[in-house]
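As the structure is a computational prediction, the values presented were derived from the model and not from experiment.
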Amino acid sequence: MKFLTFILLVLSATLHAGDLKFEKDLYEADANLKDSEVIREFNFTNTSSKAITIRLADAGCSCVAVEFLNGKSTYAAGESGVMRATFKIENSQGTIDKTIQIWLASDPDEKPSSQVSFRIHVPIAISLEPKTLNWKSNDTPEPKVIRVNINYEKPVQVTAVSSTSENMITEIVTIEKGKSYDIKLTPKSTASPEISMIRIETDIDIEKFRLQQGFARILSPTTKP
């Protein structure tokens, strides 16, 4: 019985492997800091013995738009095609991973038969370490710091810092002008749980990176950091 179950699972996985095959599972692309979007094309082939129709391709994110060249959705047996994805970078930095799932006309809604991943590398101009500071309720309201590191080709200064909570005292401490700063945060009280956004303003010459955001949290006793 166990052997029969194993065979059925293997057959099911094989049937669900999909008739639409991409050249590789992972595509990569490099972006410049000033790029607003990255466009990547993915080549695929219908490896089945019958025509297939693509019903839907979705990355599960409004930042990714997916289309098929010439608006084509049906591909004959052995026919190849091109899927194009446009990723809006906005103020993203670092390595970004996205997966596009593809449903054929015969696929159930809950189970696409194909998927392909792509990875975008965006240089990091400004990094926050860590992005979130935590205090526990009723802890001593001691100061903690977010380190701002500048990795840009030009010096960048932190010009202002503010918190969405009046309970959080903010201060800029220069470690190395144009290269490194500490944002010192001190809660006036830790009696009540709260979360506040920390706005860190800089003078970088790329507008979308001028404002950086961190967070400060006072956690209730039952909340994990």
Side-chain angles (χ1 to χ4, degrees), residues 31-38 58-65 87-99 101 110 117-225:
N32 295 316
L33 281 170
K34 295 183 179 180
D35 289 343
S36 60
E37 63 183 26
V38 170
D58 183 38
C61 173
S62 60
C63 61
V64 181
F87 173 69
K88 296 179 182 178
I89 296 176
E90 298 176 338
N91 60 349
S92 299
Q93 300 180 84
T95 299
I96 305 146
D97 288 312
K98 295 293 177 183
T99 297
Q101 296 182 314
E110 67 277 6
S117 298
F118 69 108
R119 178 171 293 155
I120 302 168
H121 302 281
V122 183
I124 299 175
I126 301 173
S127 65
L128 306 182
E129 299 176 7
K131 280 197 169 185
T132 302
L133 295 177
N134 295 312
W135 291 260
K136 292 182 179 179
S137 291
N138 297 315
D139 273 359
T140 301
E142 61 184 5
K144 297 185 180 184
V145 300
I146 295 175
R147 174 63 58 88
V148 181
N149 289 314
I150 311 300
N151 307 299
Y152 192 47
E153 59 190 17
K154 303 175 186 177
V156 174
Q157 297 188 65
V158 174
T159 57
V161 62
S162 61
S163 170
T164 55
S165 170
E166 295 182 355
N167 183 49
M168 196 64 60
I169 301 170
T170 63
E171 180 185 351
I172 303 170
V173 179
T174 301
I175 305 301
E176 182 181 352
K177 188 175 181 180
K179 294 294 294 180
S180 183
Y181 298 84
D182 276 349
I183 305 303
K184 185 164 73 170
L185 304 176
T186 309
K188 298 175 184 177
S189 169
T190 60
S192 300
E194 68 170 31
I195 181 168
S196 56
M197 183 177 71
I198 309 301
R199 294 169 53 91
I200 302 167
E201 299 176 43
T202 75
D203 63 358
I204 191 170
D205 58 8
I206 305 176
E207 184 175 356
K208 63 182 178 180
F209 294 125
R210 284 180 189 162
L211 177 63
Q212 300 290 316
Q213 294 182 351
F215 296 91
R217 302 191 303 172
I218 298 174
L219 306 175
S220 68
T222 57
T223 302
K224 294 182 179 181

### Message
Rounded at 0.5 Å granularity, tell me how far CG in Leu211 sits from CG in Asn91.
### Response
8.5 Å

Expected list for residues 153-161: side-chain donor-acceptor pairs under 3.5 angstrom, two or more places apart:
unit_1 : atom_1 : unit_2 : atom_2 : d
Lys154 : NZ     : Asp205 : OD2    : 2.7
Thr159 : OG1    : Glu201 : O      : 3.2

### Query
What is the minimum heavy-atom distance between Ser192 and Ile218, and which atoms define it?
O-CG2, 3.5 Å

### Message
Is the shortest side-chain heavy-atom distance between Val145 and Val173 below 4.5 Å?
### Response
no

### Message
Quick one, Val38 and Phe118 - any side-chain contact, counting heavy atoms below 4.5 Å?
### Response
no

### Query
When rounded to the nearest 0.5 angstrom, what is the spacing between CD1 in Ile175 and NZ in Lys177?
14.5 Å

### Query
Can you find a pair of side-chain heavy atoms, one from Asn167 and one from Ser189, that are under 4.5 Å apart?
yes

### Message
Pair Met168, Thr186 - check side-chain contact (heavy atoms from CB on, under 4.5 Å), show working.
### Response
CA-CA 6 Å; Met168 196 64 60; Thr186 309; 5.8 Å; no

### Message
For residues 137-151, which residue pairs pass the side chain to side chain donor-acceptor pair (under 3.5 Å) check, not counting sequence neighbours?
### Response
Arg147-Asp182

### Pair Thr170-Lys184, side-chain contact (heavy atoms from CB on, under 4.5 Å): steps then yes or no
CA-CA 6 Å; Thr170 63; Lys184 185 164 73 170; over 6 Å; no

### Query
Is a side-chain donor or acceptor of Lys208 paired with a backbone partner of Leu33 at a separation under 3.5 angstrom?
yes

### Nearest-0.5 Å distance, CZ of residue Arg210 to CD1 of residue Ile126
10.5 Å

#### Entry: 4.5 Å side-chain heavy-atom contact, Val148 and Gln212
no

### Message
Any donor-acceptor pair under 3.5 Å linking the side-chain atoms of Ser196 with those of Thr164?
### Response
no

### Task
Heavy atoms only: give me the nearest Ser92-Val122 pair and the separation to one decimal.
O-CG1, 3.5 Å

#### Entry: Inter-residue atom distance Ser127.OG - Ile150.CD1, 0.5 Å rounding
7.5 Å

### Message
Going by the rule ring pair (Phe, Tyr, Trp, His ring centres under 6.0 Å), which residues pair with Tyr152 if we only count those two or more places apart in sequence or in a different chain?
### Response
none

### Message
So Lys98 and Cys63, do their side chains get closer than 4.5 Å, heavy atoms only?
### Response
yes

## Note on the structure
Taken to the nearest 0.5 Å, the spacing of Tyr181 OH from Ile200 CD1 works out to 12.5 Å

### Query
Can any side-chain N or O of Thr174 pair as donor or acceptor with the backbone N or O of Glu176 at less than 3.5 Å?
no

### Query
Is any side-chain heavy atom of Pro141 closer than 4.5 Å to a side-chain heavy atom of Trp135?
no

### Message
If I take atom OG from residue Ser36 and atom CD from residue Glu90, how far apart are they, to the nearest 0.5 angstrom?
### Response
10.0 Å

### Message
Evaluate Ile204 against Phe209 for side-chain contact (heavy atoms from CB on, under 4.5 Å), listing each step before the verdict.
### Response
CA-CA 7 Å; Ile204 191 170; Phe209 294 125; 4.1 Å; yes

### Query
Do the side chain of Asp58 and the main chain of Gly60 share a donor and acceptor less than 3.5 angstrom apart?
yes

### Residue pair Ile124 / Gln93, side-chain heavy-atom distance below 4.5 Å
yes

#### Entry: Partner of Phe215 under side chain to side chain contact (heavy atoms under 4.5 Å, CB included), chosen from Thr132, Ile146, Leu133
Thr132

### Query
Any side-chain heavy-atom pair from Leu128 and Ile198 closer than 4.5 angstrom?
no

